[in-house]
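Atom set for the values below is all heavy atoms of this structure, side chains included, hydrogens, waters and symmetry mates excluded.
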Amino acid sequence: MSAEHANTGSMSGVGHAKLGMWLFLASEIMLFSTLFTSYIVFRSTAPDWPHGWETLNVPLGTLNTAVLITSSVTIVLAYAAAHARNLAGFRRYMGITIALAFCFLVIKSFEWGPKFMHGLRPSTNMFYAVYFTLTGLHGLHVIGGIIANSYLLWSSGRDFEEDFFAGRIEAAGLYWHFVDIVWIFLFPTIYLL
């Protein structure tokens, strides 16, 4: 067995964690593609559809966009630190990534809270059904990223020197970039169109 095969765990040169994550992300792309397609159908067939910028908080959505883009940078820096076997750097950047994910959720709660207080719910109309479904599902994915990244941060004390650890960080980074990309599509589609 070649050294390259031993490190990746597969004949293709792609590690099992990375391959598994790509397969999982393919299913997630199908899920969100279906939801975005449903949004297009609902919007194009609705007799009246509000403009997102008139009913949603665009400044908070913009801030959340900046938060997620920054967190994508920090998870790349966490991966680079893990790859370089820099435990302190990994912990610092992964901690920042997790903190930014929590920041995203807090900002989202500032946006959702007033809507619920004013009686706006998914049952209000199709616009809010789409808005709450897409942003809520995205929020659940952010929570999933927090859980996965927190586990990696916690387990770094015992697994950091293992060869597979950087592969786990890479897989988590792929997931986190997916979460970011979904928001980059979701924000202009719902908020700005």
Side-chain angles (χ1 to χ4, degrees), residues 21-79 93-150 171-193:
M21 183 54 67
W22 277 114
L23 292 173
F24 172 72
L25 293 179
S27 71
E28 292 294 294
I29 289 168
M30 288 186 272
L31 170 66
F32 278 100
S33 295
T34 301
L35 291 171
F36 277 107
T37 302
S38 298
Y39 162 76
I40 292 166
V41 170
F42 292 144
R43 182 174 179 160
S44 63
T45 59
D48 185 36
W49 193 270
H51 296 288
W53 70 82
E54 295 171 344
T55 58
L56 302 177
N57 193 323
V58 175
L60 287 181
T62 303
L63 179 59
N64 259 345
T65 303
V67 166
L68 280 184
I69 290 171
T70 304
S71 72
S72 277
V73 172
T74 59
I75 203 162
V76 168
L77 294 172
Y79 170 73
Y93 290 120
M94 186 58 85
I96 293 170
T97 302
I98 294 165
L100 289 169
F102 277 111
C103 183
F104 177 90
L105 294 176
V106 168
I107 293 168
K108 183 52 66 185
S109 73
F110 288 144
E111 189 178 349
W112 273 28
K115 294 199 177 344
F116 284 121
M117 288 191 306
H118 289 99
L120 299 172
R121 295 184 174 24
S123 60
T124 301
N125 59 34
M126 190 56 70
F127 174 80
Y128 282 108
V130 168
Y131 164 73
F132 283 115
T133 299
L134 283 172
T135 59
L137 185 60
H138 180 266
L140 288 175
H141 282 76
V142 171
I143 292 169
I146 290 170
I147 292 168
N149 291 336
S150 295
L174 288 171
Y175 175 82
W176 196 248
H177 293 314
F178 169 78
V179 169
D180 189 14
I181 289 168
V182 167
W183 181 258
I184 288 171
F185 279 99
L186 195 152
F187 173 65
T189 302
I190 302 293
Y191 288 71
L192 303 179
L193 293 179

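Distance check, rounded to the nearest 0.5 Å: CG of Leu25 to CD of Glu28 gives 7.0 Å. Asn64 CG to Ser71 OG: the interatomic distance, rounded to the nearest 0.5 Å, is 10.0 Å. One distance of note links CG of Leu105 with CZ of Phe110; it measures 12.0 Å at 0.5 Å rounding.
Under the 3.5 Å distance criterion, the side-chain polar atoms of Thr133 are left unmatched by any main-chain donor or acceptor of Val130. Side-chain atoms of His138 come within 3.5 Å of backbone atoms of Val179 as a donor-acceptor pair (strictly under, hydrogens ignored).
Among all heavy-atom pairs drawn from Trp183 and Thr65, the shortest one is NE1-OG1, 2.8 Å.
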**OP:** Apply side chain to side chain contact (heavy atoms under 4.5 Å, CB included) to Ile69 and Ile184, showing your working.
**Re:** CA-CA 9 Å; Ile69 290 171; Ile184 288 171; 4.2 Å; yes
Original post:
Given Thr74 and Leu100, is the side chain to side chain contact (heavy atoms under 4.5 Å, CB included) satisfied, shown in steps?
Top reply: CA-CA 9 Å; Thr74 59; Leu100 289 169; 4.1 Å; yes
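Using bins of under 30°, 30° to 60° and over 60° for the plane-to-plane angle, the ring pair Tyr175/Phe178 lands in the tilted bin. The aromatic rings of Phe116 and Phe132 lie parallel to each other, with less than 30° between the two planes, well short of the 60° mark. Under the 30°/60° scheme for interplanar angles, the aromatic rings of Phe187 and Tyr191 are found to be tilted.
Residues Leu68 and Trp176 have side chains in contact (heavy-atom distance under 4.5 Å, counting atoms from C-beta outward).
The six-membered or imidazole ring of Phe42 lies away from that of Trp49, with a centre-to-centre distance of 6.0 Å or more.
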